[in-house]
Amino acid sequence: MTANPTGVPARPLSATTAMLDVRGLKKVYEGRGRSVEAVRDLTFTVAAGELVCIVGPSGAGKTTLLRCIAGLLDATAGEVVLEGERVTGPPPGMAVVFQEYGRSLFPWMTVRQNVELPLKEKKVPKDRRRRLVQDSLEAVGLAEAQDAHPWQLSGGMQQRVAIARAVAYEPHLLLMDEPFAAVDAQTRADLEDLVRSLWQRLGVTVLFVTHDIDESVYLGQRVIVLSNSPTVVLEDVPIDLPAERDQLTTRSLPRFAELRSHVYELIQLAKSGHRPA
Amino acid sequence: MTANPTGVPARPLSATTAMLDVRGLKKVYEGRGRSVEAVRDLTFTVAAGELVCIVGPSGAGKTTLLRCIAGLLDATAGEVVLEGERVTGPPPGMAVVFQEYGRSLFPWMTVRQNVELPLKEKKVPKDRRRRLVQDSLEAVGLAEAQDAHPWQLSGGMQQRVAIARAVAYEPHLLLMDEPFAAVDAQTRADLEDLVRSLWQRLGVTVLFVTHDIDESVYLGQRVIVLSNSPTVVLEDVPIDLPAERDQLTTRSLPRFAELRSHVYELIQLAKSGHRPA
Amino acid sequence: MTAATLGRRSPPPAWLLGLAGLAGLVGIVELAPRAGLVDGRYLPPFSAMAAALAEQAATAEFWQSLLETLRGWATGLAIAMVAGVALGLVIGGVPPLRAALNSTIEFLRPIPSVALIPLAVLLFGTDMRSTLLLVVYASFWQVLLQVLYGVRDVDPVARETARSYRFRPLTQVRTVTWPTALPYVMTGFRLGAAVALILEITGELIIGSPGLGRQIAVAQTSGAVASMYALVIVVGLIGVTVNVAARATERRALRWHPSIRRDLAG
Amino acid sequence: GGQSASPEPGSSASGELSPVKVSVIPILDVAPIYLGEQQGFFAAEGLKLEIVTAQGGAAIVPAVVSGQVDVGFSNFTSLILARSKGLPIKVITPGVASTGVAGQDFGGVVVKAGSPIKSAADLAGKRVAVNTLNNINDTTVRASIRAAGGDAKNVTFTELAFPDMLAALDKGNVDAVQVVEPFLATAVKNGDRVVASNYVDTAPSLAIAGYFTSQQTATGKADLIKRFTAAMLKSLRYATDNPDAVRQVLLKYTKIDAGLTGSLTLPTFPTKVDRASLETLAKLARQDGLVTSSPDLTELVP
Amino acid sequence: MNLMNAGRKALLALAVPVLLVAAWWLATAGAASFFWPPLSEILAAFADTWFSARFVTDVLPSLGRLLAGYLGAVVAGVALGTAVGSSRTLRGLLEPVLEFFRAIPSPVLVPILMLFAGIGDGMKILVIVSGCVWPVLLNTVEGVRALDEVLSDTARSYRMRRRSRLVHLVLRGAGPQIAAGARQALSIGIILMVISEMFAASNGLGFTIIQFQRSFAIPQMWSGIILLGLVGIALSMAFRAVEARLLRWYTGLRTAQREG
Ligand SMILES: Nc1ncnc2c1ncn2[C@@H]1O[C@H](COP(=O)(O)OP(=O)(O)OP(=O)(O)O)[C@@H](O)[C@H]1O
Ligand SMILES: Nc1ncnc2c1ncn2[C@@H]1O[C@H](COP(=O)(O)OP(=O)(O)OP(=O)(O)O)[C@@H](O)[C@H]1O
Ligand SMILES: [Mg+2]
Ligand SMILES: [Mg+2]
């Protein structure tokens with residue numbers, strides 16, 4: 001982890017500090033009769049401690065990409081290299097917030113148990129565990145629902161439990177797949193700031209899939225825009241906004257508006273089937 | 001159904017044309033030890049052919065409200081009256097897009113079968129059924145995925161299947177629970193226009209739950225803002241934008257900006273626990 | 001304002017319905033022979049069975065037999081449950097193992113316990129261990145198969161969650177596989193319990209190890225029809241009791257499961 | 001068999017009784033052993049009798065062969081079958097025999113009152129239930145038919161447990177049933193008609209079943225078996241002399257209705273294994289194809 | 001590649017049986033025990049016993065009854081199970097009665113059945129049904145109860161009629177668990193085929209095995225047991241082929257993210 005006294009991670013300087021290296025990734029889903037080339041050729045690098053957003057049309061293969069990086073899915077071709085090692089299974093110190101947040105919570109456990117379980121597995125001492133669980137649930141605004149079961153919660157609340165679980169885990173690689181899709185605008189803004197502060201505090205590397213273009217620009221140091229399926233990288237947009245961001249000022253910067261409309265145009269291009277030469 | 005030659009439904013004139021009447025609705029979830037008063041007292045009316053958006057903090061009870069209206073859940077107190085009749089079970093001619101879109105698709109059926117089944121139930125003749133299925137799948141951009149099973153699709157694609165199913169059904173009451181949460185910005189815009197055109201074409205009454213404030217203002221004739229749980233109506237905001245809307249011009253109207261920041265403030269109020277006197 | 005739920009009458013409690021059902025059965029058994037639908041000499045009316053039962057219940061031998069039966073049954077079932085669940089989780093969790101053992105399991109499952117009786121007797125004589133062997137053999141497969149199907153039911157997203165947080169294999173089994181399989185295991189328990197009881201009785205009946213089954217055999221060969229049915233009623237009631245217990249356990253252990261949730265929600 | 005005098009109860013003079021485990025079927029036939037126990041004949045021989053019950057040969061024969069029990073009770077046809085397959089067993093005492101009086105035996109073939117079947121010969125071409133196929137009861141029924149001049153080849157035997165037979169007869173599922181007591185008495189009480197006494201028709205006083213042990217036990221525990229034999233013979237004799245005691249003891253180990261015991265026809269309890277009967281049974285077994293060659297009966301009954 | 005895969009699969013499937021047979025062979029090779037004859041003797045008896053007229057006179061009728069009983073049980077179990085699983089009142093009313101009957105052993109139940117069904121093939125089929133129906137019934141009940149709420153709400157909100165809800169939602173949704181029950185019932189059916197032939201029979205596979213047992217034809221009896229096992233394997237293979245077709249969606253759903 002990059003210890004950074006200023007609390008502001010530096011942009012990557014060279015490829016040698018690459019945390020994550022996706023090389024020529026290709027994924028074809030084989031089914032009876034139906035074979036889908038979801039991802040054709042993805043190559044990009046993420047430096048340690050970077051926060052990268054990924055956007056792309058629905059069905060572009062963002063989830064597929066994340067699963068490959070997480071070591072949950074075997075690629076058809078190409079490879080994913082994490083901290084110099086080829087990914088063959090879930091690496092240690094990684095947390096994933098799944099798009100299917102509802103199904104990723106264990107219905108037989110309470111909210112607290114769900115958040116606490118990975119910490120137990122990580123052998124975090126009891127009182128620290130307690131504190132982490134408490135803090136993360138408070139951070140997502142669910143301190144009161146600790147003893148409820150996931151199926152007693154609304155969709156947005158479930159999603160926040162999944163986020164709390166990932167946050168409490170203190171990963172150094174955090175993969176989030178549309179993690180704020182089910183929460184209201186205000187909560188969303190709060191959670192965005194939560195992710196940014198977590199990232200700054202712990203120096204965690206974050207890959208963040210989202211459909212909200214404003215969100216991608218507000219959060220990321222880079223936004224990778226994917227093409228339509230079969231997917232390639234359409235453009236890797238560096239976000240040259242000041243590192244210190246806040247909901248009001250950052251979003252009202254002219255540069256913000258420029259970037260967001262640029263990304264929006266890219267998405268429109270992607271949806272209309274445009275592919276890089 | 002309001003036949004309307006201009007394609008633009010009129011605002012409701014009096015309470016006598018009320019399609020839907022929610023009166024003092026209260027819902028308390030009783031569980032072992034944990035009893036949650038999700039909805040305390042909701043009263044509002046929706047005229048026939050109206051398009052009403054509902055926004056509110058995560059966990060406010062929007063889904064609960066929709067389920068009560070759909071006749072899927074018994075209220076603890078109060079009542080829902082639909083076209084003069086008290087709702088005790090799902091009324092005919094209603095379509096619902098559930099928030100848990102993934103779980104609402106039949107995994108043993110293909111996409112086409114999923115969309116077609118309710119039409120078969122409605123005894124729509126075969127060729128018309130074919131056309132409706134084809135048209136609606138094309139409208140959501142899934143014409144190619146017809147023969148896939150839902151679990152072979154991405155999250156956003158699944159959600160669009162659920163939308164296509166509701167659209168093909170040609171309901172006269174359409175309840176949608178965050179139906180565009182999992183799709184990209186461009187698709188979202190397209191789907192918003194799809195809902196509006198459907199509404200104008202068929203005169204269907206629409207209740208639309210969303211977390212996207214821009215979306216609620218862009219789509220609705222009214223936006224009902226709910227308070228924090230236990231829920232009451234915080235404000236019923238009439239959207240006095242021209243009936244003819246389009247993504248570019250409408251969204252750049254000054255009145256649009258005013259309305260959206262008004263709704264946003266209301267949401268912030270709601271989240272901070274403010275309740276009407 | 002009236003409650004919206006007013007229209008719905010809550011159904012009578014399950015135990016009341018259950019008693020009504022059993023009462024109906026009693027009524028049929030009482031009336032059928034009286035009305036001449038069956039010959040009362042071969043299926044006596046319920047009252048005759050009840051009288052015979054009362055007579056039996058006054059003897060120490062009856063209670064001794066009941067105890068023997070219950071002991072043999074519980075021991076056998078416990079062994080079968082533990083073995084079935086443990087092996088089921090292992091075999092189901094390791095696909096190559098499953099592929100390797102499939103045909104063997106399918107070969108062994110349909111071997112009827114009655115065919116094994118001489119072998120059991122050869123090994124253990126006519127005491128309770130012979131019967132125990134049959135009980136375990138028969139109920140083990142029921143539990144095993146249920147567990148295998150239960151393990152298959154794990155939600156892939158839940159499994160991936162566990163994998164991504166690098167749960168150790170044992171934790172994965174404990175926190176993901178086991179809860180998913182639990183409803184199947186409960187059904188396996190209920191199936192196994194009845195099969196174990198049946199084999200316990202059959203074993204006692206044929207091998208002659210002590211218990212209710214031997215009493216039934218004696219009654220049968222003596223032509224004491226009412227006494228025999230009285231004992232059968234006892235066996236049936238054991239089955240009913242076990243099920244009540246299983247259901248009660250289920251309501252606690254599966255509180256989170258849709259089936260129980262729906263019941264509790266009303 | 002001479003009086004094996006038993007003033008000193010074998011080796012266990014100290015009152016310490018040696019256990020002997022006997023596996024029997026809980027039916028009328030084994031009343032003498034219960035009587036003998038009651039009368040203390042076994043204790044007098046220094047034996048502590050332990051009776052275990054089973055439903056048939058499936059459990060009894062393996063138990064005896066494996067030495068799990070010392071003595072078993074079985075019908076002679078079964079034992080002939082076992083011996084012919086090479087099972088090392090030996091008959092040590094007789095058990096029951098037919099009364100030898102036609103119409104007044106403890107087993108017989110019964111038909112419904114109105115049945116056209118009047119004699120064993122009429123059974124030809126009919127459906128007859130026996131409790132086990134290819135065993136003593138169907139071979140003796142065939143013998144009975146042959147004796148009456150009927151065609152024994154085309155009888156259809158069906159296997160039914162004794163307790164189920166009368167119901168099947170009532171329902172017309174079968175035309176005749178071969179039953180033993182107490183079902184015979186019940187049948188007569190129901191008004192059914194006995195058309196043949198198959199045991200009597202086979203041989204004058206057919207030995208039907210007896211007590212046996214395994215070769216290994218016979219040599220390894222020779223003394224125990226000797227004492228058992230002595231006590232058993234005493235019991236058989238006592239049973240023959242005290243029919244009322246037999247009827248009484250039935251109430252103890254069976255659940256036969258007390259009102260019925262008086263009307264039961266008791267079998268005889270011989271004290272000598274009737275070699276001639278065994279030869280007859282062996283011949284029938286070969287004739288009906290149960291065995292391919294007659295076993296050496298001297299090995300079975302030394 | 002595909003061929004190699006198939007080869008590996010076959011090897012995996014055969015390894016354990018081959019090992020076990022070898023172990024059995026070795027363990028009994030020199031044995032003198034009357035009840036554990038050498039495997040070679042059993043196999044010799046197998047050919048003599050079953051590759052003969054007996055196949056037609058005993059094995060086929062048994063298999064016919066088995067199939068009839070099994071199918072009857074599956075239909076009855078699914079029908080009753082759906083009804084009981086969907087209605088809480090019905091479940092409360094019937095469950096204790098069903099549990100009562102479930103606990104009654106066949107040696108006791110069969111005589112009662114004979115009172116009503118006589119002693120013919122009908123009775124034997126009924127005996128098979130009476131045993132096979134339970135796993136199907138219990139699993140169906142539980143499967144129906146465990147249906148996803150959102151899915152049944154979807155069906156309700158589109159006002160699917162009772163019939164199509166049954167066909168398209170309940171039966172398909174409970175399918176995986178019904179399959180578990182039906183699979184259980186298969187081997188129970190074989191066992192009950194044998195048991196049913198212990199009563200009032202004069203032919204059949206089970207009858208023959210019991211006859212062998214009673215007449216101490218031990219190698220023949222063992223060969224019969226082996227035949228039962230083989231029947232079990234054959235039927236379960238057929239079952240799995242059917243299951244794989246009907247539950248293709250389920251396999252896909254459950255392994256969707258696992259495979260590459
Ligand atoms: N299990 C599967 N079997 C077959 N095809 C699949 C499977 N999972 C995904 N796909 C296909 O792969 C493509 C990419 O899917 P993926 O879920 O990665 O998209 P996504 O970018 O996450 O989309 P969304 O934004 O809608 O979630 C889609 O076309 C989808 O149909
Ligand atoms: N089955 C249930 N049992 C108990 N409590 C429930 C249940 N369903 C919902 N609740 C509670 O009711 C409240 C409202 O839930 P609801 O799902 O209606 O919220 P929502 O407005 O749809 O939220 P979101 O925007 O996050 O989907 C929440 O506090 C939730 O915990
Ligand atoms: Mg996705
Ligand atoms: Mg909701």
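Every chain is numbered from 1, with letters handed out A, B, ... down the list of sequences. No hydrogens, no waters, no symmetry mates; every other heavy atom, side chains included, goes into these values.
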_Which atoms of Leu43(C) approach chain E - backbone, side chain, both or neither, heavy atom under 4.5 Å_ = both
*Could you look at Tyr250(E) and say if it's the side chain, the backbone, both or neither that has a heavy atom under 4.5 Å from chain C?*
side chain
*Val195(C) versus chain E, the contacting section by heavy-atom distance below 4.5 Å*: neither
*Return the minimal non-hydrogen interatomic distance between Ile198(C) and Ile104(E), and the atom names on each side.*
CD1-O, 3.9 Å
*Under 4.5 Å from any heavy atom of chain E - which part of Gln220(C)*: side chain
*Given that the side chain runs from C-beta out, which part of Met228(C) has a heavy atom under 4.5 Å from chain E: side chain, backbone, both or neither?*
side chain
*Considering non-hydrogen atoms only, spot the tightest contact between Pro96(C) and Leu12(E) and give its length.*
O-CD2, 3.6 Å
_For the backbone of Gln142(C) and the side chain of Gln184(E), can you confirm whether one donor and one acceptor N or O come within less than 3.5 Å of each other?_
yes
*Proximal component of Ala15(E), with respect to chain C [non-hydrogen, under 4.5 Å]*: neither
*Below 4.5 Å from any heavy atom of chain C, which atoms of Val194(E) appear? Answer side chain, backbone, both or neither.*
side chain
*Measure the shortest side-chain to side-chain distance between Asp148(E) and Pro258(C) over non-hydrogen atoms and say whether it is less than 4.5 angstrom.*
no
_Which atoms of Val38(C) are under 4.5 Å from chain E, going by heavy atoms: the side chain, the backbone, both sets, or neither?_
side chain
*Heavy atoms, side chains only, cut-off 4.5 Å: are Glu106(C) and Met237(E) in contact?*
no
*With only heavy atoms counted, which part of Ile238(C) is less than 4.5 Å from chain E, the side chain, the backbone, both or neither?*
neither
*Atom CG in Leu17(C), atom CG in Leu94(E): separation rounded to 0.5 Å?*
9.5 Å
_As an exercise, state the distance from CZ of Arg102(E) to CG of Asn243(C), rounded to the nearest 0.5 Å._
6.5 Å
*Under 4.5 Å between any side-chain heavy atoms of Tyr42(C) and Ile112(E), yes or no?*
no
_Per-residue contact mode, Arg247(C) against chain E (heavy atom under 4.5 angstrom)_ = side chain
*Identify the two heavy atoms, one from Arg109(C) and one from Arg183(E), that lie closest to each other, and give their separation to 0.1 Å.*
NH2-O, 3.1 Å
*asked:* For Asp155(C), which atoms come within 4.5 Å of any heavy atom of chain E: side chain, backbone, both, or neither?
replied: both
